[in-house]
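Everything numeric in this text was worked out from a predicted model, so none of it was measured.
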Amino acid sequence: MRGLLRPILRPWLPVMALGLHLAVLAAPLVPGAPVPLIALEDQHGKPVRVDAGTRRLLFSAERGVNEMVSRVLLAQASGVLERQETVYLADISAMPAVITRLIALPRMRELPFAIGLAREPAQVAQVADLPRQPGAATVLRFVDGKLVDIHLARNEGQLRAALGLEP
C-alpha cells in the first residue's frame, strides 16, 4: 500500500510543505502587530498596497458588508480614502468566478474608489489573518507602523465612526 501512495503523493508534497510553512508563519493580527504587507490589484487591475504608510485598513469579506461600505464611501467627498491614508480591501473569493467577471467587477469599476480584491488563493492568503466577523466591516488603525485599534462595524454609523468620517 505504501508503495502505491508514494507516486500519488509525491507531486503534492511541495504544495503541502508550502501550506504548512504558511500556516506556521500566519499569526492573528492583534494590537501591537506591525502593518501587514499586502499587495493586491483593484477592480481596474491597478496595484493596491498596504504598507508602513497605511494609517487605516478597511476590510470586508461579505457582499452585504461590501454594499454598506460602498454606501458610506459614496456619501463622502471624492478621495476620502487617499486623504485618510486608508486602503480598502475585499475578499471576494467566495463569489463564483462567472458572477465576479460578468456582474460584480463591472459594477465595482463604476465606483470612484479603489478596492483591493482578494480573489485567488494566493491573494486570499494575504488577507487570511485580518480580523473578521460575520456581518461586520473591519477597520484597523495603525500608528507608527503598529496596529493600535481594531473596530468591527456592523452598521453605517459604526463604520463612519471607525473611519473618522462625518455623519
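- Under a hydrophobic clustering in which Ile, Leu, Val, Met, Phe, Trp and Tyr are joined whenever their side-chain heavy atoms come within less than 4.5 Å, directly or via other members, Phe59 and Val50 fall into the same cluster.
- For Glu62 (side chain) and Gly135 (main-chain N/O), a donor-acceptor pair under 3.5 Å exists by modelled atom type.
- At a threshold of 4.5 Å between side-chain heavy atoms, the hydrophobic network of Ile, Leu, Val, Met, Phe, Trp and Tyr places Leu165 and Leu81 in one connected group.
- The side-chain heavy atoms of Thr138 and Leu130, taken from C-beta on, include no pair separated by under 4.5 Å.
- Remark: side-chain polar atoms of Gln84 are not paired, donor with acceptor, to backbone N or O of Arg55 under 3.5 angstrom.
- Side-chain contact between Val139 and Arg56 is present, with at least one heavy-atom pair separated by less than 4.5 Å.
- Minimum heavy-atom separation, Phe142 to Val35: CD2-CG2, 3.4 Å.
- Hydrophobic clustering (ILVMFWY, side-chain heavy atoms < 4.5 Å, transitive): Val80 and Leu57 are in distinct clusters.
- For the atom pair OG1 of Thr86 and CZ of Arg141, the computed distance is 11.0 Å after rounding to the nearest 0.5 Å.
- With no hydrogens or angles considered, a side-chain donor-acceptor pair links Gln133 and Arg154 at under 3.5 Å.
- Of all non-hydrogen atoms in Ser60 and Val65, the two that sit nearest each other are CB-CG1, 3.5 Å.
- Residues Met68 and Ala137 share a closest heavy-atom pair of CE-CB, 4.1 Å.
- In this structure the side chain of Asn66 reaches within 4.5 angstrom of the side chain of Ile92, judged on heavy atoms.
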Intermediate values then yes/no, side-chain contact (heavy atoms from CB on, under 4.5 Å), Leu159 and Leu58: CA-CA 9 Å; Leu159 181 57; Leu58 170 57; 3.8 Å; yes
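- Residues Arg132 and Ala61 approach most closely at NH1-CB, 3.8 Å, considering heavy atoms.
- You'll find the side chain of Thr54 stays beyond 4.5 Å of the side chain of Ile38, heavy atoms only.
- No single ILVMFWY cluster, assembled from side-chain heavy atoms under 4.5 Å apart, contains both Tyr88 and Leu147.
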Can you list, pair by pair, the side-chain donor-acceptor contacts under 3.5 Å of residues 95-120, counting residues two or more places apart and other chains?
unit_1	atom_1	unit_2	atom_2	d
Thr100	OG1	Pro96	O	3.2
Arg109	NE	Gln43	O	2.9

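- Grouping the Ile, Leu, Val, Met, Phe, Trp and Tyr side chains by contacts below 4.5 angstrom, directly or via other members, places Leu163 apart from Val48.
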